[in-house]
Amino acid sequence: MFSILLVLLVIVAVMMIGLILLQKSEGSGMSGSSASAMFGGALTGTAAGNFLTRATGWLATIFFILCAALALVASKTNMSAQQSELRSEIVMQENAPETQTANTSENQPVK
């Protein structure tokens, strides 16, 4: 479930980036050349502005809903088994250098 939501979130984010780049800005943006080429001139002017603005709003809403759903799924996922394995591995790594340094200092002759 988590993977599916994550893939959907990435797809929506890429689509939203594309739509934002297509929107007309103060410097005309990319919408002047791209929108007319992609849609055959049908979405130029105000029609393109309204469509792109509404589509961006919908994608932004979907993006935030997916973020909330991902957070909910991640909080419900049983991560205790994975965390306990990680903790035991960290403890083993922390204890390993201490025992190695103790063994090497005992074997060295005193000068």
Side-chain angles (χ1 to χ4, degrees):
M1 182 69 175
F2 185 81
S3 299
I4 294 170
L5 289 175
L6 190 61
V7 168
L8 287 174
L9 183 72
V10 169
I11 291 170
V12 168
V14 168
M15 289 174 59
M16 196 164 59
I17 289 170
L19 280 178
I20 290 171
L21 288 175
L22 285 174
Q23 288 183 10
K24 188 172 183 176
S25 65
E26 306 249 344
S28 178
M30 290 177 55
S31 65
S33 61
S34 302
S36 61
M38 284 186 353
F39 300 112
L43 289 177
T44 55
T46 34
N50 289 340
F51 171 75
L52 294 175
T53 303
R54 288 178 190 240
T56 304
W58 280 106
L59 283 176
T61 304
I62 293 169
F63 181 83
F64 285 116
I65 290 171
L66 285 173
C67 286
L70 273 171
L72 185 65
V73 168
S75 69
K76 299 290 183 187
T77 303
N78 186 7
M79 298 283 246
S80 61
Q82 294 173 355
Q83 288 177 352
S84 64
E85 289 176 15
L86 180 62
R87 284 184 184 147
S88 63
E89 197 172 313
I90 290 172
V91 168
M92 286 173 40
Q93 288 178 356
E94 287 177 352
N95 291 336
E98 292 174 3
T99 56
Q100 288 177 355
T101 56
N103 290 339
T104 56
S105 63
E106 292 173 359
N107 295 337
Q108 293 179 352
V110 179
K111 293 183 182 180

When hydrophobic residues are tied together by side-chain contacts of less than 4.5 Å, even through go-betweens, does Leu9 share a cluster with Met1?
-> yes
Check: Leu72 main-chain N/O paired with Ser75 side-chain donor or acceptor under 3.5 Å = yes
Sequence neighbours excluded, which residues qualify as side-chain contact (heavy atoms from CB on, under 4.5 Å) partners of Ile62?
-> Val12, Leu66
Same hydrophobic cluster for Val7 and Ile4, using side-chain heavy-atom links shorter than 4.5 Å among ILVMFWY?
-> yes
Hey, what do you get for CZ (Phe63) to CD1 (Ile11), rounding to the nearest 0.5 Å?
-> 13.0 Å
At their closest point, which heavy atom of Gln23 faces which heavy atom of Thr56, and how far apart are they?
-> NE2-OG1, 2.6 Å
Separation of Leu22 CG from Phe51 CZ (nearest 0.5 Å) | 9.5 Å
Under the side-chain contact (heavy atoms from CB on, under 4.5 Å) test, which residues partner Phe2, sequence neighbours left out?
-> Leu6, Leu70, Val73, Ala74
Evaluation steps, side chain to side chain contact (heavy atoms under 4.5 Å, CB included), between Ile20 and Met16 = CA-CA 6 Å; Ile20 290 171; Met16 196 164 59; 4.0 Å; yes
One should read off an interatomic distance between Leu59 CG and Leu52 CG, to the nearest 0.5 angstrom, of 10.5 Å
